[in-house]
Amino acid sequence: MPRTIVVTSALPYANGPIHIGHLVEYIQTDIWIRFHRMCGNRCFYFCADDTHGTPIMISARKAGIAPEQFIAKIHKEHSADFAGFHVDFDNYYTTHSPENKTLSELIFNRLNEAGSIVKHPVGQTYCEVDQMPLPDRYVRGTCPRCGAVDQYGDSCEVCGATYRTVDLVQPRCSLCGTPPVFQTSEHYFFKLADYEKQLKDLFAAGYTQKSVANKLDEWFQAGLKDWDISRDGPYFGFKIPGEDNKYFYVWLDAPIGYMASARNYCERNGLNFDELWNSPANELYHFIGKDIMYFHALFWPAMLMGSGFKTANKLFVHGFLTVNGEKMSKSRGTFIKASTYARHLDPEYLRYYYASKLTDAVEDIDLSFQDFVGKVNSDLVGKYANLASRSGPMLARQFNSRLGTLDEDGRQLLARLTAVKEQIVEGYEGLNYATVVRTIGALADDANRYVEQNQPWTTAKTDPQKALTTLTAVLNAVRVLTIYLKPILPQFAQKVEKFLSIDPLQFADVDKILENHQIGAFERLFERVDEEKVTAMVEESKEGQTPAAAAPVAPVVPGIEPIKPECTIDDFAKIDLRVARVVSAEKVAGADKLLHLVLDVGVAQKNVMAGIAKAYAPESLVGRHVVLFANLKPRQMKFGLSEGMILASGPGGTEIFVLAPDAGAKPGQKIS
RNA sequence: GGCGGUGUAGCUCAGUUGGUUAGAGCAUGGGAUUCAUAAGCCCAGGGUCGGUGGUUCGAAUCCACCCGCCGCUACCA
């Protein structure tokens with residue numbers, strides 16, 4: 001009896017491009033869906049762009065277009081990116097849709113009727129210039145604890161303090177730079193705690209992986225608090241029923257977007273949405289990253305419980321992607337967009353590589369370029385593609401592309417391949433793709449050894465019949481391996497199906513044997529990957545660089561550093577240089593190069609550790625004006641916190657020459 | 001700070017309920033081949049399984065402590 005399975009991946013935020021980190025999840029989910037389809041189950045894969053909220057409103061403003069236009073453009077890009085990586089959604093919709101509006105209002109009203117919605121006054125930050133309420137991350141100012149400048153409105157990246165935005169020293173709107181005002185507003189809240197018991201039962205029943213459940217325990221122990229689900233206008237989102245200037249917070253309507261996508265699909269395809277989504281006979285699964293566990297493990301099921309919808313059977317949580325062991329980084333060129341990747345490399349390489357690393361654990365997976373190139377060349381090309389490549393053309397030359405029958409040896413090879421079918425099925429079902437890939441790899445080794453032992457290139461001359469049975473066995477092995485790999489490598493599978501002249505492979509085909517069958521022309525299945533292509537992709541991903549712009553070669557003069565690559569006025573604008581007066585200067589005990597300077601920059605005083613002790617006597621500096629790199633991220637040094645850098649030239653040691661403005665400049669003045 | 005995760009060959013990772021000389025792929029060295037996308041096959045080198053102590057006849061596997069790295073710390077998206 002086929003299962004009916006509805007699956008979702010998290011909705012990507014419509015504020016930027018899809019990158020290779022996103023793709024971990026969509027590839028993981030897509031493999032799962034394709035596997036189930038191959039087992040004959042009825043599957044539906046729904047997703048959408050997450051389109052609401054302040055960041056999108058601001059991005060649209062910056063682009064000078066309406067938010068609707070902005071998200072339409074992103075939707076087009078996202079859809080193309082996913083298609084390029086063979087992510088096979090049944091519907092890739094948007095949260096800015098009539099279906100989502102209707103469902104959001106329905107769920108809100110039902111929660112309200114259930115008594116789970118309350119109102120509380122909330123202090124909020126408002127920018128009168130931009131005429132909008134500011135989320136904490138759009139307010140910046142000086143940390144009230146350590147004095148670090150330019151910190152977010154809720155926490156300090158330098159000392160780690162968390163605080164309220166109202167406590168920030170010299171707060172300013174990060175968009176226009178003016179000080180915001182503080183005001184009070186009534187917000188709607190969802191009483192999450194009403195559902196604590198039901199949520200606990202859900203997790204006890206195995207809603208998530210165990211490590212996720214442990215994390216949830218922590219949250220339960222800390223106590224569930226009311227969730228703020230409204231935002232004051234202007235806001236890009238859905239208006240709350242009965243309100244003029246209040247909107248649903250983006251995270252309220254985002255998960256409802258899963259349902260809206262399903263509903264839109266049902267309406268277009270003559271299916272009953274309520275039956276598909278809500279029938280207990282149907283299975284529902286969400287795939288998400290560990291960063292949004294709170295929303296999907298607590299808020300979302302509680303919302304569904306409170307509004308009379310069933311909750312998912314299971315929430316599958318995965319970890320993040322690191323590249324070469326480190327966080328993805330724009331400056332290192334490892335923040336790679338899906339579209340950039342696809343311009344340089346075959347998307348199936350990445351699908352295979354991710355599959356070879358994915359397990360059901362909530363662990364980060366690492367994309368190591370060296371490992372990536374190795375796996376593609378030795379596995380995809382050396383094992384799988386090669387198996388077809390060393391048998392197909394020979395069958396064509398010697399036997400007119402017609403398969404014979406199997407002998408005992410060949411049947412044994414096939415038996416070894418089909419024996420692990422259940423193991424592979426369990427691996428896919430349980431998200432242990434890494435195990436699946438390892439198992440398949442071992443089978444391919446077995447098949448390659450089989451070719452080696454039977455030497456069809458020799459028997460072709462002495463015993464053609466034997467050569468034919470060998471090649472028949474090998475190509476049957478290719479067929480079985482392709483079935484196993486098809487969820488991961490759909491395009492590869494398609495090529496093999498064409499080459500073998502067979503119908504699209506299903507899991508049940510594992511037990512069939514292809515004999516006395518005419519096959520098609522062999523076509524190369526994979527190309528080897530050159531490490532230079534990876535390098536080129538990384539270079540193109542480095543921020544601020546355009547692929548074609550070769551930096552002019554700077555002339556080399558002995559003793560003088562070459563001029564660095566060109567940058568723009570915008571790059572320079574990030575650097576805030578100020579005139580500063582040296583208030584005090586003293587040698588740092590225990591350090592022979594450092595001077596501890598206290599600088600007056602007009603609005604504040606800064607501590608700076610400067611490595612100029614060998615060139616300047618401390619007392620000679622007091623009272624002088626210097627140039628300060630004022631917005632350099634503060635750095636905790638062995639001898640204290642340094643909050644900036646003073647500018648100087650010279651090779652170092654005793655030859656250091658501090659820069660100074662001409663007479664008349666005052667502390668705090670901007671240098672540009 | 002608290003909580004969670006993690007640390008196994010140069011690299012990426014497996015190691016089932018604790019059980020004989022700790023495995024794979026890549027990389028490295030050697031060999032025999034040539035059907036094949038400089039692919040495939042055979043052999044070899046390489047690890048005190050983060051550290052210390054403990055439980056046990058026996059621990060990479062269980063316990064304690066320590067060290068390193070990563071993440072989370074909610075009304076931020």
Side-chain angles (χ1 to χ4, degrees), chain A residues 13 15 50 52-56 120 122 124 135-139 152-155 160 162 165 187 189-190 192 211-212 214-215 217-219 221-231 249-251 254 290-295 298-299 319-320 322 324-327 353 356-357 359 361-395 397-398 432 434-435 437-439 441-442 444-445 447-460 467 470-471 474 522 524-529:
Chain A
Y13 202 52
N15 195 26
D50 179 14
H52 291 152
T54 308
I56 285 173
H120 300 312
V122 165
Q124 65 183 26
D136 290 348
R137 62 175 291 204
Y138 289 101
V139 184
Y152 284 117
D154 54 355
S155 65
T162 55
T165 309
H187 276 218
F189 285 80
F190 173 53
L192 182 62
S211 60
V212 176
N214 290 342
K215 186 73 193 168
D217 264 347
E218 256 180 64
W219 286 332
Q221 278 168 29
L224 301 181
K225 291 185 187 140
D226 291 353
W227 178 35
D228 187 349
I229 56 164
S230 73
R231 293 293 184 270
Y249 175 46
V250 53
W251 260 109
K290 63 183 183 181
D291 52 330
I292 54 175
M293 264 161 51
Y294 204 86
F295 295 95
L298 297 178
F299 296 143
F320 291 152
T322 57
N324 295 328
E326 295 178 312
K327 251 193 217 179
Y353 187 77
S356 79
K357 298 235 157 172
T359 67
V362 192
E363 274 171 30
D364 294 353
I365 64 168
D366 185 45
L367 166 57
S368 148
F369 291 139
Q370 194 193 339
D371 192 38
F372 173 82
V373 172
K375 276 206 161 101
V376 168
N377 288 341
S378 65
D379 293 1
L380 290 184
V381 177
K383 285 182 180 174
Y384 311 127
N386 187 45
L387 205 53
S389 175
R390 69 194 302 201
S391 53
M394 210 193 304
L395 190 79
R397 277 196 305 272
Q398 317 260 356
N432 284 308
T435 313
V437 168
R438 262 198 311 281
T439 306
D445 288 344
N448 270 309
R449 259 194 306 275
Y450 176 87
V451 178
E452 211 69 36
Q453 281 159 6
N454 287 281
Q455 306 200 4
W457 57 92
T458 307
T459 55
T470 300
L471 293 175
V474 173
F522 175 74
R524 284 167 74 97
L525 300 167
F526 277 114
E527 296 306 320
R528 296 175 59 78
V529 58

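Proteins get letters first, then strands, A, B, ... in listed order; numbering begins at 1 in each. Model, not experiment: these values are computed from the prediction.
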Asker: Across the strands shown, which category fits A/D226 at heavy-atom distances under 4.0 angstrom: base, sugar-phosphate, nothing?
Answerer: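 Base: the residue A/D226, judged by heavy atoms under 4.0 Å, touches a nucleobase.
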
Asker: Return the value, rounded to whole Å, for the distance between atom CZ of A/F295 and atom P of B/C76.
Answerer: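 That distance rounds to 10 Å.
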
Asker: Rounded to the nearest angstrom, tell me the gap between atom CE in A/M394 and atom C1' in B/A39.
Answerer: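 Taking atom C1' of B/A39 as the reference, CE of A/M394 is at 13 Å.
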
Asker: Across nucleotides 11-17 of chain B, 5' to 3', mark each nucleotide with B, S or - according to how protein heavy atoms within less than 4.0 Å reach it.
Answerer: SSSS---

Asker: Heavy atoms from C-beta onward define the side chain here; which of B/C26, B/A77, B/C41 lies closest to that of A/W251?
Answerer: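 Nearest to the side chain of A/W251 among the choices is B/A77.
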
Asker: Under 4.0 Å from OP1 or OP2 of B/A39: is there any side-chain N or O of A/R528 that close?
Answerer: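 Yes, A/R528 has a side-chain N/O under 4.0 Å of OP1/OP2 on B/A39.
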
Asker: If you measure from the P atom in B/C63 to the same atom in B/U56, how many Å do you get, rounded?
Answerer: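 The same atom, P, in both gives a distance of 16 Å.
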
Asker: Determine the Euclidean distance between corresponding C1' atoms of B/U21 and B/G29; express it in Å to zero decimal places.
Answerer: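 Between the two C1' atoms, the distance is 23 Å.
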
Asker: Taking only the side-chain heavy atoms of A/R397 (C-beta and beyond), determine which of B/A36, B/G40, B/A77 contains the nearest atom.
Answerer: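 Nearest to the side-chain atoms of A/R397, counting from C-beta on, is B/A36.
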
Asker: Return the value, rounded to whole Å, for the distance between atom CD of A/E452 and atom P of B/U34.
Answerer: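 Whole-Å distance recorded here is 10 Å.
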
Asker: If the condition is side chain to side chain donor-acceptor pair (under 3.5 Å), which residues does A/R528 pass it with, not counting sequence neighbours?
Answerer: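 A/R528 satisfies side chain to side chain donor-acceptor pair (under 3.5 Å) with no residue once adjacent residues are dropped.
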
Asker: Please tell me if the side chains of A/N377 and A/V529 come closer than 4.5 Å, counting only heavy atoms from C-beta onward.
Answerer: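 Yes, side chains in contact.
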
Asker: Please name all residues satisfying side chain to side chain donor-acceptor pair (under 3.5 Å) with A/R390, sequence neighbours left out, ordered by chain then number.
Answerer: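 Partners of A/R390 under the side chain to side chain donor-acceptor pair (under 3.5 Å) test: A/N448, A/E452.
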
Asker: Could you work out, with side chain to side chain donor-acceptor pair (under 3.5 Å) as the rule, every residue matching A/E363, not counting sequence neighbours?
Answerer: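 Residues passing side chain to side chain donor-acceptor pair (under 3.5 Å) with A/E363: none at all.
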
Asker: Using a 4.0 Å heavy-atom cut-off across all strands, classify A/F526 as base, sugar-phosphate, or nothing.
Answerer: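 If one applies the 4.0 Å heavy-atom cut-off, A/F526 turns out to touch a base.
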
Asker: Just how far, in rounded Å, is P of B/G5 from CZ of A/F320?
Answerer: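 Atom CZ in A/F320 sits about 17 Å away from atom P in B/G5.
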
Asker: Give A/L525 one of three labels, base, sugar-phosphate or nothing, depending on what nucleic acid heavy atoms sit under 4.0 Å from its own.
Answerer: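 Base contact.
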
Asker: Counting C-beta onward and ignoring hydrogens, is there a side-chain heavy-atom pair between A/W227 and A/L298 closer than 4.5 Å?
Answerer: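 Result no, sub-4.5 Å side-chain heavy-atom pair not found.
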
Asker: Base, sugar-phosphate, or nothing for A/K225, non-hydrogen atoms under 4.0 angstrom?
Answerer: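 Base contact.
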
Asker: To the nearest Å, how far apart are A/N377 CG and B/A36 C1'?
Answerer: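 Atom CG in A/N377 sits about 15 Å away from atom C1' in B/A36.
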
Asker: Which donor-acceptor pairs under 3.5 Å do side chains of residues 365-375 of chain A form with protein atoms, sequence neighbours excluded?
Answerer:
unit_1	atom_1	unit_2	atom_2	d
A/D366	OD1	A/T322	OG1	2.8
A/D366	OD1	A/N324	N	3.3
A/D366	OD1	A/G325	N	2.6
A/D366	OD2	A/G325	N	3.4
A/S368	OG	A/D371	N	3.2
A/D371	OD2	A/Y353	OH	2.8
A/D371	OD2	A/K357	NZ	3.4

Asker: Is A/K290 near enough to B/G5 that one of its side-chain N or O atoms lies under 4.0 angstrom from OP1 or OP2?
Answerer: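 Checking A/K290 against B/G5: no side-chain N or O falls below 4.0 Å of OP1 or OP2.
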
Asker: Describe the nucleic acid contact of A/G53 in one word from base, sugar-phosphate, nothing, applying a heavy-atom distance below 4.0 Å.
Answerer: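 Here A/G53 touches no strand at all.
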
Asker: Find the distance A/H187:NE2 to B/C75:P and express it as a whole number of Å.
Answerer: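 Rounded to the whole Å, the gap is 14 Å.
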
Asker: Roughly how many Å apart are B/U20 and B/A44, using the C1' atom of each and rounding to a whole number?
Answerer: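 Looking at atom C1' only, B/A44 and B/U20 are 23 Å apart.
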
Asker: NA contact type, A/R449, heavy-atom cut-off 4.0 Å: base, sugar-phosphate, or nothing?
Answerer: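 Touches sugar-phosphate only.
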
Asker: So do the side chains of A/W251 and A/I292 get within less than 4.5 Å of each other, counting heavy atoms only?
Answerer: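 Sidechains of A/I292 and A/W251: in contact.
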
Asker: So do the side chains of A/Y138 and A/T54 get within less than 4.5 Å of each other, counting heavy atoms only?
Answerer: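 SC-SC contact between A/Y138 and A/T54 confirmed.
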
Asker: Which residues pass the side chain to side chain donor-acceptor pair (under 3.5 Å) test with A/N432, sequence neighbours left out?
Answerer: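 With sequence neighbours excluded, A/N432 shows a side chain to side chain donor-acceptor pair (under 3.5 Å) to no residue whatsoever.
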
Asker: Using the P atom as the reference point in each nucleotide, state the distance between B/U33 and B/C49 in Å, no decimals.
Answerer: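 Here B/U33 and B/C49 have their P atoms 41 Å from each other.
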
Asker: Could I get the full list of ring-ring contact (aromatic ring centres under 6.0 Å, His included) partners for A/F189, not counting sequence neighbours?
Answerer: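 With sequence neighbours excluded, A/F189 shows a ring-ring contact (aromatic ring centres under 6.0 Å, His included) to A/H120, given in chain and number order.
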
Asker: Roughly how far apart, to the nearest Å, are B/C62 and B/G19 at atom P?
Answerer: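 The same atom, P, in both gives a distance of 11 Å.
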
Asker: Looking at B/G40, B/U37, B/A77, which one has an atom nearest to any side-chain atom of A/P55?
Answerer: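 Between B/G40, B/U37, B/A77, the one nearest the side chain of A/P55 would be B/A77.
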
Asker: Using the P atom as the reference point in each nucleotide, state the distance between B/G1 and B/A60 in Å, no decimals.
Answerer: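 It comes out at 31 Å once rounded to the nearest Å.
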
Asker: Do the side chains of A/S389 and A/L525 get nearer than 4.5 Å, heavy atoms only?
Answerer: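 Contact flag for A/L525/A/S389 side chains = no.
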
Asker: Taking the same atom, C1', in B/U8 and in B/G25, what whole-Å distance lies between them?
Answerer: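 Pairwise C1' distance, B/U8 against B/G25, rounds to 15 Å.
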
Asker: Would you measure the distance from the C1' atom in B/C42 across to the matching atom in B/G53 and give it in whole Å?
Answerer: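 45 Å, rounded to whole Å.
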
Asker: Mapping A/V451 and A/T54 onto RNA chain B by nearest heavy atom, which one lands closer to the 5' end?
Answerer: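 In this pair, the answer is A/V451.
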
Asker: Over how many whole Å does the gap from A/D291 atom CG to B/C70 atom P extend?
Answerer: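 It is 18 Å, rounded to the nearest whole Å.
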
Asker: Restricting to salt bridge (charged side-chain N to carboxylate O under 4.0 Å, His left out), what partner residues turn up for A/D136, sequence neighbours left out?
Answerer: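 Residues passing salt bridge (charged side-chain N to carboxylate O under 4.0 Å, His left out) with A/D136: none at all.
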
Asker: Round to a whole Å and report the spacing from CZ of A/F299 to C1' of B/A77.
Answerer: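 After rounding, the gap between these two atoms is 13 Å.
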
Asker: Toward the 5' end of RNA chain B, which comes first, A/D136 or A/K383, by nearest nucleotide?
Answerer: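 Nearer the 5' end of the strand: A/K383.
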
Asker: Taking Watson-Crick (N1-N3 plus N6-O4 or O6-N4) and G-U wobble (N1-O2, O6-N3), each under 3.5 Å, can you produce the dot-bracket string of RNA chain B? Use [ ] for crossing pairs and | for inter-strand ones.
Answerer: (((((((..((((.....[...)))).((((.........)))).....(((((..]....))))))))))))....

